[in-house]
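Each chain gets a letter, A, B and so on, in the order its sequence line appears, and its residues count up from 1.
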Protein chains: 2
Amino acid sequence: MFIGEYRHTLDDKGRIAIPAKLRYSKIGEEEYWVATKGFDHCLFVYPKNEWNVIVKKLNERLTLTRKEDRSFLRMFVSPANEQTVDKQGRIVISQSLREYARVKRDVVILGAINRIEIWSEENWNKYREENEKSFDSLGEKIADLGL
Amino acid sequence: MFIGEYRHTLDDKGRIAIPAKLRYSKIGEEEYWVATKGFDHCLFVYPKNEWNVIVKKLNERLTLTRKEDRSFLRMFVSPANEQTVDKQGRIVISQSLREYARVKRDVVILGAINRIEIWSEENWNKYREENEKSFDSLGEKIADLGL
DNA sequence: GTAAATGTGGGGAAAAGTGGTGAATTTTCC
DNA sequence: GGAAAATTCACCACTTTTCCCCACATTTAC
């Protein structure tokens, strides 16, 4: 399971190191990772097997003939990128993904149970500020989680 | 599985390179590809075997007597043409397809699971802008896929 | 305090993408 | 039917990008 918040840097070649704690978590020891556009202008990064579960579900439910389905496919699946980790534990973030998430150099990486999220530092700070304020009330709005 | 977003160029002869990641993906190593008109004014490009699957389905489900079926067949199957890749990994996009998708020089190529899509840059930017806005809410509609 | 692991930067070889030339084939026109 | 024009096709060449190493600084673990 992926948890934790990490500050890393993206180098000139678009490479970013996956935090060791995430890289070597059980769920994360895969041959490759898949990065794609996520909600709220961050990137979602899945280990191979988790990604495959999602695509399988999507394939069952999405149809070629429905407009919304095509849109979701193009927004979520098409931008995805398979990446093997290099010897230093890094993956490459493609240019279109970097643009989408507006990441330049300083990056925040979040563990999010079955995926990793990559945020530009600016976006993350803004998001965090906004949501910390309403954290308590937020708890009441979301579904009954049985906590 | 085809995934990824790529920016390529179409040359004066109508040739376009299939991104290497797509060309060499398992599903993509075929003798030839089939390009045809797709939804939303882009082009759909299938590897041989995937195209055959589509045609088989159409054959089973479309009837000669229904007006809409005939129309769909003529819009989707008739404009299709087979293309072998040259030594540089390119295929030729026929003029009528180029006109349909309004592609001139700058082109965006999308991996879309079992097909590839070719967009003119302008069309893609417009489509993306319109659909990115509703991406977050769209995700909710598609609902709990465990993303 | 020392050794190992982690994160960051960079260089060189290989692959990918693009543009172009000349031969072969097809089309057009008389 | 045959010659000229146009188009297509199969290579070749160049530029850019990507990939695979190696090196080093910093942090973590023992």
Distances under 3.5 Å between nitrogen or oxygen atoms of protein and nucleotides 4-6 of chain D:
none

Restricting to nitrogen or oxygen on both sides, can you table the protein-nucleotides 9-12 of chain C pairs closer than 3.5 Å?
{"residue": "C:dG9", "atom": "OP1", "partner": "A:Arg105", "partner atom": "NH2", "Å": "2.3"}
{"residue": "C:dG9", "atom": "N7", "partner": "A:Arg90", "partner atom": "NH1", "Å": "2.9"}
{"residue": "C:dG9", "atom": "O6", "partner": "A:Arg90", "partner atom": "NH2", "Å": "2.8"}
{"residue": "C:dG10", "atom": "N7", "partner": "A:Arg15", "partner atom": "NH2", "Å": "2.9"}
{"residue": "C:dG10", "atom": "O6", "partner": "A:Arg15", "partner atom": "NH1", "Å": "2.5"}
{"residue": "C:dG10", "atom": "O6", "partner": "A:Arg15", "partner atom": "NH2", "Å": "3.4"}
{"residue": "C:dG11", "atom": "N7", "partner": "A:Lys13", "partner atom": "NZ", "Å": "3.4"}
{"residue": "C:dG11", "atom": "O6", "partner": "A:Lys13", "partner atom": "NZ", "Å": "2.2"}

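Under the rule for a ring-ring contact (aromatic ring centres under 6.0 Å, His included), B:Phe44 has no partner lying at least two apart in sequence or in another chain. Scored by the side chain to side chain contact (heavy atoms under 4.5 Å, CB included) test, B:Lys13 finds B:Asp11, B:Arg15 as partners (sequence neighbours excluded). Applying the salt bridge (charged side-chain N to carboxylate O under 4.0 Å, His left out) rule to B:Asp106 yields no partners; only residues at least two apart in sequence or on another chain are considered. Checked against salt bridge (charged side-chain N to carboxylate O under 4.0 Å, His left out), B:Arg102 has no partners two or more places apart in sequence or in another chain.
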Please tabulate, for the side chains in residues 72-84 of chain B, all donor-acceptor contacts under 3.5 angstrom to protein atoms that are two or more places apart in sequence or on a different chain.
{"residue": "B:Asn81", "atom": "OD1", "partner": "B:Gln83", "partner atom": "NE2", "Å": "3.4"}
{"residue": "B:Asn81", "atom": "ND2", "partner": "B:Ser94", "partner atom": "OG", "Å": "3.4"}

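Under a 4.5 Å side-chain heavy-atom criterion applied to ILVMFWY residues, the cluster that includes A:Val108 comprises A:Leu110, A:Trp119, A:Trp124, A:Tyr127 as well.
C:dT8 atom P lies 12 Å from atom CD1 of A:Ile18, rounded to whole Å. Distance A:Tyr6 OH to D:dT27 P: 17 Å, rounded to the nearest Å. Nucleotide D:dC9 holds its P atom 13 Å from the CD atom of B:Glu82, rounded to whole Å. Remark: P of C:dT8 and CZ of A:Arg23 are 10 Å apart, rounded to the nearest angstrom. Here C:dT18 presents its C1' atom at 17 Å from CZ of B:Arg7, a figure rounded to the nearest Å. In this structure, CD1 of B:Ile91 is placed 15 Å from C1' of D:dC9, rounded to the nearest angstrom. Distance CG (A:Asp106) to P (C:dG7): 16 Å, rounded to an integer number of Å. B:His8 has its NE2 atom 10 Å from the C1' atom of D:dT17, to the nearest Å.
Following chains of ILVMFWY side-chain contacts shorter than 4.5 Å, one can reach A:Phe2 starting from A:Val34, so the two form part of one hydrophobic cluster.
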I'd like to know whether A:Lys104 forms a salt bridge (charged side-chain N to carboxylate O under 4.0 Å, His left out) with A:Glu99, so could you lay out the CA-CA distance, the side-chain angles of the two residues, the decisive distance to 0.1 Å, and finally the verdict. CA-CA 9 Å; A:Lys104 287 187 289 286; A:Glu99 282 168 12; over 6 Å; no
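Along DNA chain C, the nucleotide closest to A:Pro19 and the one closest to B:Pro19 are compared, and the more 5′ of them pairs with A:Pro19.
At the heavy-atom level, B:Ile16 lies nowhere under 4.0 Å from the strands shown.
For the helix from C:dG1-D:dC30 to C:dC30-D:dG1, the axis fitted to the five pairs at one end and the axis fitted to the five pairs at the other end meet at an angle of 40° (nearest 10 degrees).
Legend: salt bridge (charged side-chain N to carboxylate O under 4.0 Å, His left out) pairs involving residues 116-131 of chain A, not counting sequence neighbours, sorted by first then second residue: A:Arg7-A:Glu121, A:Arg115-A:Glu117, A:Arg128-A:Glu132. The list of side-chain hydrogen bond (donor to acceptor under 3.5 Å, both in side chains) pairs with a residue in residues 53-64 of chain B, not counting sequence neighbours, reads B:Thr63-B:Asp69. Sorted by first and then second residue, the pairs that involve residues 86-115 of chain A and meet ring-ring contact (aromatic ring centres under 6.0 Å, His included), not counting sequence neighbours, are A:His41-A:Tyr100.
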